[in-house]
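These notes are about the structure you will find just below.
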Amino acid sequence: MTPQQAFEVHAAMRQHGIAGDVTPVTPDDPESTWIVLDADGRDVTARVLARVAGARSRRPERGFVIAR
């Protein structure tokens, strides 16, 4: 992921309660590729990206819409 994509993924992870740490592959270079690590330090980027995409595509199950 690019740094901009990492920012967006991190925001979506927080919004939808998805665990993981978004971090650059090269810690000294924030412009490098970014990945998502789980609590054990494993790369779970693909799994998290799939969960983020699925969470974004879901519609709210409850609520109402007020049309004006």
Side-chain angles (χ1 to χ4, degrees):
M1 286 183 285
T2 66
Q4 180 61 29
Q5 290 169 325
F7 176 80
E8 293 172 11
V9 167
H10 184 256
M13 288 170 64
R14 283 192 324 225
Q15 180 182 9
H16 298 290
I18 300 170
D21 293 318
V22 182
T23 184
V25 173
T26 309
D28 298 334
D29 183 14
E31 294 301 316
S32 68
T33 302
W34 287 63
I35 59 174
V36 181
L37 300 175
D38 66 4
D40 295 326
R42 294 180 296 226
D43 182 357
V44 292
T45 305
R47 188 176 335 148
V48 168
L49 291 176
R51 286 189 64 196
V52 165
R56 284 181 174 170
S57 68
R58 272 187 259 143
R59 296 180 147 226
E61 295 178 8
R62 296 172 32 173
F64 55 91
V65 176
I66 299 174
R68 292 184 181 214

Let me check something: any side-chain donor-acceptor pairs from residues 34-52 under 3.5 Å, sequence neighbours excluded? List them with distances.
{"from": "Trp34", "atom 1": "NE1", "to": "Pro30", "atom 2": "O", "distance (Å)": "2.8"}
{"from": "Trp34", "atom 1": "NE1", "to": "Ser32", "atom 2": "O", "distance (Å)": "3.3"}
{"from": "Asp38", "atom 1": "OD1", "to": "Asp40", "atom 2": "N", "distance (Å)": "3.0"}
{"from": "Asp38", "atom 1": "OD1", "to": "Gly41", "atom 2": "N", "distance (Å)": "3.0"}
{"from": "Asp38", "atom 1": "OD1", "to": "Arg42", "atom 2": "N", "distance (Å)": "2.8"}
{"from": "Asp38", "atom 1": "OD2", "to": "Arg42", "atom 2": "NE", "distance (Å)": "2.9"}
{"from": "Asp38", "atom 1": "OD2", "to": "Arg42", "atom 2": "NH2", "distance (Å)": "2.9"}
{"from": "Asp40", "atom 1": "OD2", "to": "Arg42", "atom 2": "NH2", "distance (Å)": "3.2"}
{"from": "Asp43", "atom 1": "OD1", "to": "Thr45", "atom 2": "N", "distance (Å)": "3.0"}
{"from": "Asp43", "atom 1": "OD1", "to": "Thr45", "atom 2": "OG1", "distance (Å)": "2.6"}
{"from": "Thr45", "atom 1": "OG1", "to": "Val36", "atom 2": "N", "distance (Å)": "2.8"}

Please list, one pair per line, the donor and acceptor atoms closer than 3.5 Å that link side chains of residues 5-22 to other protein atoms, with sequence neighbours excluded.
{"from": "Gln5", "atom 1": "OE1", "to": "Thr2", "atom 2": "N", "distance (Å)": "2.8"}
{"from": "Gln5", "atom 1": "OE1", "to": "Thr2", "atom 2": "OG1", "distance (Å)": "3.3"}
{"from": "Glu8", "atom 1": "OE2", "to": "Gln4", "atom 2": "NE2", "distance (Å)": "3.2"}

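Residues forming a side-chain contact (heavy atoms from CB on, under 4.5 Å) with Thr33 (at least two apart in sequence, or on another chain): Val25.
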